[in-house]
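Atoms within a ligand are numbered from 1 in the order they appear, just like the ligands themselves. Positions are given from 1, in the same order as the sequence printed here.
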Amino acid sequence: KEAGKNGICFYTSDINDRLVHHQKITAQLRQALAEERLQLYFQPQIDLNTGEIASCEALLRCFDEDSTMISPAVFIPVAEKSGLINRIGDWVIHTACQQMQAWKGTPLEGLRVDVNLSGRQLTNPYLSQEILESLERFELMPSQLGVELTENEVFGSDESQTRQLERLKEAGLHISIDDFGTGYSSLVYLRKLPVCCIKIDRSFLHHAMENKSDMAIMEAMVTVGHSLGLSVLVEGVETEKQHKLVKNLGCDFAQGFLYARPMPAEQLETFSLENAVKMLVTP
Ligand code: C2E
Ligand code: MG
Ligand code: MG
Ligand code: MG
């Protein structure tokens, strides 16, 4: 069915393995949802001009019965196929808003949280309405929430899906294109879409250290982003050398293990950028 109507394919043990994997993960996810074994981790996004935490990205974690963590890289694709992603996505939005409300009156009050959205969530015609209602219920400003979508998820979308994004942007939400450079990277769409920021995929940074053409691509992406009035974030900064590179390229924001790993909310509350990193970041 996946390959389209009237296609035939041969049944192999590989397909069987995939089916078993899919069923196993789906069952684990259902149970985790029911037993509240999902958790949001938060990873700071650094403002390269001030060295401060500008915002954070909410990254979903799923724990098995025996507390082993299942990676989102494994369970998100399965959730997208099974349709569970809609319930999971609702949980993520609700929990992010609840967390921001809990931060009121603490130093983290007002910190923007960016959640990842799946393309499939955009096909829910009530998504933007539901997000705005959630913000209202927790008495938050729309500008406190951000959404991240990959290029293919938005660029492949139809008009009604783009309109939902437009509604969110008009309401004041922050909208980022995630893993930029790995999908269609259509500049025409980029200009048309209601977007605030591009997040350059970490593979470019990693290759740019050795590879001149990847470096050139990164330079071009920064230039394009800025000339369209967008801010530019680079993902996956792990070393000081990479930090210097993204700073020299004129990127606005950075995210990566060098500054902080994704962490539970309580840890973020006591986290402050190490002085060394702060010095590294400030001009
Ligand atoms: P993403 O949105 O591109 O998130 C960034 C990923 O890069 C995260 O992986 C993060 O832990 C990792 N990362 C951050 N800094 C570094 C670094 O310096 N080096 C390296 N090697 N990796 C770094 P994570 O948390 O495993 O998430 C993987 C993907 O799963 C995410 O990629 C996102 O596409 C998806 N995902 C996570 N949470 C959600 C969610 O709530 N909803 C949806 N739809 N997708 C989610
Ligand atoms: Mg993301
Ligand atoms: Mg992603
Ligand atoms: Mg990414």
I'd like to know if [X] contacts ligand 1, where contact means a heavy-atom distance under 4.0 Å to any ligand atom.
| X | answer |
| --- | --- |
| Q43 | yes |
| V115 | no |
| E57 | yes |

Side-chain heavy-atom pair [X], [Y] within 4.5 angstrom cut-off:
| X | Y | answer |
| --- | --- | --- |
| Q99 | F42 | yes |
| C62 | L38 | yes |
| V234 | L48 | no |

Is [X] in polar range of ligand 1, meaning some N or O pair under 3.5 Å apart?
| X | answer |
| --- | --- |
| H206 | no |
| D178 | yes |
| E80 | no |
| L117 | no |
| S71 | no |

ask   = Just by distance, with hydrogens left out, do Q31 and D64 show a side-chain donor and acceptor under 3.5 Å apart?
value = no

ask   = Will you find, in the side chains of D158 and S160, an N or O donor that is under 3.5 Å from an N or O acceptor?
value =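 Yes, a side-chain donor-acceptor pair sits under 3.5 Å.
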
key: OD1 (D179) to the Mg ion (ligand 4) to OE1 (E235) angle, given to the nearest 10 degrees   =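 The two atoms subtend 90° at the Mg ion (ligand 4).
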
inquiry  = Using a distance threshold of 2.8 Å, state whether an N, O or S atom of D114 lies below it from the Mg ion (ligand 2).
reply    =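 So D114 does not bind the Mg ion (ligand 2) by this criterion.
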
ask   = side-chain hydrogen bond (donor to acceptor under 3.5 Å, both in side chains): which pairs involve residues 100-114, sequence neighbours left out?
value = Q45-D114, S55-R112, W103-E269, R112-D114, R112-H174

Measuring from [atom], which candidate in [options] has the nearest non-hydrogen atom?
| atom | options | answer |
| --- | --- | --- |
| atom 25 (O) of ligand 1 | Q121, E148, R61 | R61 |
| atom 19 (N) of ligand 1 | E238, R120, M69 | E238 |
| atom 30 (O) of ligand 1 | P72, S176, S118, A254 | P72 |
| atom 31 (C) of ligand 1 | T95, T150, V147, L59 | L59 |

message = Could you report the tightest heavy-atom contact between Q144 and L111, atom names first, then the distance?
response =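 Smallest heavy-atom distance, with atoms named: NE2-O, 3.9 Å.
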
task = Pick out which of H21, R18, Q23 makes a side-chain contact (heavy atoms from CB on, under 4.5 Å) with V78.
result = H21

ask   = side-chain contact (heavy atoms from CB on, under 4.5 Å) with V154: which of T162, V195, I175, I177?
value =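 Considering T162, V195, I175, I177, a side-chain contact (heavy atoms from CB on, under 4.5 Å) with V154 is found only for I177.
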
task = Can you measure from CG (L268) to CG (L40) and round to the nearest 0.5 angstrom?
result =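 L268 atom CG to L40 atom CG measures 12.0 Å (nearest 0.5 Å).
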
request  = Check side chain to side chain donor-acceptor pair (under 3.5 Å) between T95 and all other residues, then give those that pass, not counting sequence neighbours.
outcome  = none

ask   = Under a 4.0 Å heavy-atom limit, does R202 contact ligand 1 with its side chain, its backbone, both, or neither?
value =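 Side chain only.
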
ask   = Given that the side chain starts at C-beta and the backbone is N, CA, C, O, which of these parts of E235 lies under 4.0 Å from ligand 1, counting heavy atoms, or is it both or neither?
value =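 Side chain only.
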
task = Taking atom CE of M141 as the centre, report whether more than 12 heavy atoms of other residues, nucleotides or ligands fall under 6.0 Å from it.
result =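 No, CE of M141 has 12 or fewer neighbouring heavy atoms, counting only those of other groups under 6.0 Å.
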
ask   = To the nearest 10°, how many degrees is the angle D178 OD2 to the Mg ion (ligand 2) to E57 OE2?
value = 180°

inquiry  = How large, to 10°, is the angle at the Mg ion (ligand 2) when you draw lines to OD1 on N116 and to OE1 on E148?
reply    = 90°

Element-labelled atoms of ligand 1 that are located less than 4.0 Å from some non-hydrogen atom of V92 =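 That gives atoms 41 (O) of ligand 1.
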
inquiry  = Quick check on contacts: which atoms of ligand 1 are under 4.0 angstrom from a heavy atom of I76?
reply    =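 Selected atoms, number and element: 42 (N), 43 (C), 45 (N), 46 (C).
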
